[in-house]
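Data first, discussion second: the structure below is written as C-alpha cells.
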There are 2 protein chains.
Amino acid sequence: MPRPHQAILSRELIFKTALEMTDRAGRFTVPELAQRLGVSVSSLYHHVQGRAEILEGIRGLMTPALTSLDADTPWEVAVTEWARAYRDSFAAHPAAIPALVAQTVSAPNTLAQYDLVAEVLERAGLSANSIIMAITMLDTLCLGAALDLAAPSVIWEPRGVESALSRALAEASPGADRTRHAFEVQLALIVGELARQLAIEHVQVGSPN
Amino acid sequence: MPRPHQAILSRELIFKTALEMTDRAGRFTVPELAQRLGVSVSSLYHHVQGRAEILEGIRGLMTPALTSLDADTPWEVAVTEWARAYRDSFAAHPAAIPALVAQTVSAPNTLAQYDLVAEVLERAGLSANSIIMAITMLDTLCLGAALDLAAPSVIWEPRGVESALSRALAEASPGADRTRHAFEVQLALIVGELARQLAIEHVQVGSPN
DNA sequence: ACCTGAACACCGTTCAAGT
DNA sequence: ACCTGAACACCGTTCAAGT
C-alpha cells in the first residue's frame, strides 16, 4: 500500500528507533537517528526538545509496565518481583545504561514505579523512614547491578599478574550468572532486613490486636 | 622565580587539572583543558593518547591509596574500611562518576585495590566462589551508592502529585545522610552474609584443629 | 502542521611544520 | 623532545524558508 504522506514522525517512533540504535551500536546520535528515519535532522526537533528528551523517552520505554497491585500478594514477594522486573528491563538494554544514569529521571513512567514500591511498603506497615531507606537500597542495588552488566567495572577476565583476585577467578566455577547471583543474594538480604525492621516497628507501635 | 621553559606539561598535571575542571564545572573538555593549561590542544596528545586515557587518569587519582595490609586486622574490619574508603573517594568527586562508569577500568591503581580485598578474603578463608561473589556485591554497592550521590535517580524532592512516596518523604526525618545510611546498612548486611558463608564453608572443609 | 537546507558553535583527533 | 596552527570529520541545535 502507498505510504501516507503525513504522520511520518512521532515521539514514540523516535524513541523506539533511538533505543534500537543504542542496542545495536552502543549509542545513538541525532544525525544518525534522522538518517535512519529517512528524515532531516531538524525535523526531529519538531517532536522532541532535544537529545536529553530522547534519552528520557528511552528510559520510559525501558521501564517495565506497572504490575497490578494485588493486595493479596505478600509484600516480600511484591518487592522481590518489582526489583527483578527492574533489573531485567535494564539487562535487556545494557548499552543504554551509562547514558541514562548520567541524567536525572523525569520519565513519569519510571517515577510511578517508585511510587508503587512505596505503596507496597506503606501497606506492609513500614515507617516513612524505613520506606525511604528501603527504596534507596533497592535503587542502589538495581543501578549497581545494571552497571556491572553494562560495563564490568573490574576486569573479570583473569589478568596476567599473579594476585588473589586472579587465583579466585581461576578457581571459581565459571558462569555468566555471577552478576545475577550476586543480585539475588543482595535482594534477599535487603528484604530480610526490611522484615526485621517491620517486626521491630510493629512491636514499638502498639500491643497486638 | 622564573618558570623553567621546559616540562610545561606532564600526565600528572593533565589528570589533576581535568579532575579539577570536572569538580568545578561538572565536565571537562579537551579544548578547555588545553586553554586552562595555557597550551595548544595538540600539545596534550604528546602526553596522553586521548580523552579516554585522561578519564582513566582521573580514576587513578580518585582511587584511594592502598591501605597497608595489617594481618592483625579482622577481615570484617578490613572489608568495611575498604568499602568506606572507596565510597568516600567517589563521594569527593561526584561529577566524575557518570563519565567513569561508562568506561572499563584499566587504571592499575584501581585494579590493585580489588586485588587487595580479594587477598583479605582469601586470608580469611573464604572459597574462590564466595570471593568472586563478595567482590561483585561490594562493587555493585559502591557503584550504586556513588551514582545515587552523583545524580539521584529518583527525585527525592517531594513532587506535586499525591503518592505513597510523597507521603513517606513528607513524614520522614530530613537529612542529607540518607544515602550514607543506606550504604552502611547494606555494607553491614554484606559483611554479615560473608561471615555466615565463611562459617558454613569452614564446617564443611574439615574438623576444627 | 510538518519537513527542509543551511548555518552555528562546538567537539575529539591528526599531522606536517616549527624550535 | 616538546609545542603549534590548521585542518578534518564529526556533534547537537537553531531558524528562516518552503509546502
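The chains referred to below are lettered A, B, ... by the order of the sequence lines, with proteins before strands, and numbering in each begins at 1.
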[X]: side-chain contact (heavy atoms from CB on, under 4.5 Å) partners, not counting sequence neighbours:
X	result
A/Q35	none
B/A102	A/P98
A/A146	A/F90, A/I97
A/V105	A/E56, A/R59, A/T110, A/L111, B/S153

Nearest-Å distance for atom pair [atom1]/[atom2], residues [X] and [N]:
X	N	atom1	atom2	answer
A/L33	D/dT13	CG	C1'	14 Å
A/I14	D/dT13	CD1	P	13 Å
A/E53	D/dG12	CD	P	15 Å
B/I8	D/dT4	CD1	C1'	12 Å
B/I54	C/dT13	CD1	P	8 Å
A/R11	C/dA1	CZ	C1'	16 Å
A/Q103	D/dG12	CD	P	13 Å
A/L55	D/dC11	CG	C1'	14 Å

Q) Taking the six-membered ring for Trp, are the ring centroids of B/Y114 and B/Y86 within less than 6.0 Å of each other? A)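 They qualify: ring centres under 6.0 Å apart.
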Q. Does B/E32 come within less than 4.0 Å of B/R36, counting only side-chain N to carboxylate O?
A.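 So B/E32 does not pair with B/R36 through a salt bridge.
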**Q.** Of B/L44 and A/T29, the one whose closest DNA chain D nucleotide lies more 5'
**A.**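 It is B/L44 whose nearest nucleotide is closer to the 5' end.
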Q | Residues which pass salt bridge (charged side-chain N to carboxylate O under 4.0 Å, His left out) with A/E171, listed by chain and number, not counting sequence neighbours | A |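 Salt bridge (charged side-chain N to carboxylate O under 4.0 Å, His left out) check on A/E171 returns nothing, list empty.
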Q.
Quick test of your reading: applying salt bridge (Lys or Arg N to Asp or Glu O under 4.0 Å), list the pairs with at least one residue in residues 141-156 of chain B, sequence neighbours left out, ordered by first then second residue.
A.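 Sorted pair list: B/D148-B/R178.
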**Q.** Pairwise salt bridge (Lys or Arg N to Asp or Glu O under 4.0 Å) hits with a residue in residues 87-106 of chain B, at least two apart
**A.**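 As it turns out, the salt bridge (Lys or Arg N to Asp or Glu O under 4.0 Å) pairs with a partner in residues 87-106 of chain B, which skip direct neighbours, are B/D88-B/R180.
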Q: Go through the side-chain N and O atoms of A/E201 and A/S130 and say whether any donor and acceptor fall under 3.5 Å apart.
A: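 Yes - a donor-acceptor pair under 3.5 Å links their side chains.
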Q) According to a strict under-4.0 Å criterion, is B/H47 in side-chain N/O contact with OP1 or OP2 of D/dA1? A)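 So the side chain of B/H47 is outside the cut-off, no N or O lying under 4.0 Å from OP1 or OP2 of D/dA1.
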Set out, line by line, the N/O atom pairs under 3.5 Å between protein and nucleotides 17-19 of chain C.
none

Sort me out a list of protein N/O and nucleotides 5-7 of chain C N/O pairs below 3.5 Å, or just none if empty.
from  : atom 1 : to    : atom 2 : distance (Å)
C/dG5 : O6     : A/S42 : OG     : 2.5

Q. Among D/dG12, C/dC11, D/dC3, which nucleotide sits nearest the side chain of B/E32?
A.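 Among D/dG12, C/dC11, D/dC3, the one nearest the side chain of B/E32 is C/dC11.
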Q. For the side chain of A/Y45, counting heavy atoms from C-beta on, which of C/dT13, D/dG12, C/dC3 is nearest?
A.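 Comparing C/dT13, D/dG12, C/dC3 against the side chain of A/Y45, the answer is D/dG12.
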Please table the atom pairs, donor to acceptor, closer than 3.5 Å between any side-chain atom in residues 17-28 of chain B and protein atoms at least two apart or in another chain.
from  : atom 1 : to    : atom 2 : distance (Å)
B/T17 : OG1    : B/L13 : O      : 2.7
B/T22 : OG1    : B/A18 : O      : 2.8
B/D23 : OD1    : B/H93 : ND1    : 3.0
B/D23 : OD2    : B/H93 : ND1    : 2.8

Q.
The criterion is side-chain hydrogen bond (donor to acceptor under 3.5 Å, both in side chains); which residues satisfy it with B/Q197, sequence neighbours excluded?
A.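 B/Q197 satisfies side-chain hydrogen bond (donor to acceptor under 3.5 Å, both in side chains) with no residue once adjacent residues are dropped.
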(Q) My validator wants the stems of DNA chain C: runs of 3 or more consecutive Watson-Crick or G-U pairs, both distances under 3.5 Å, written as range with range. (A)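 Output for stems: C:4-8 with D:12-16, C:12-16 with D:4-8.
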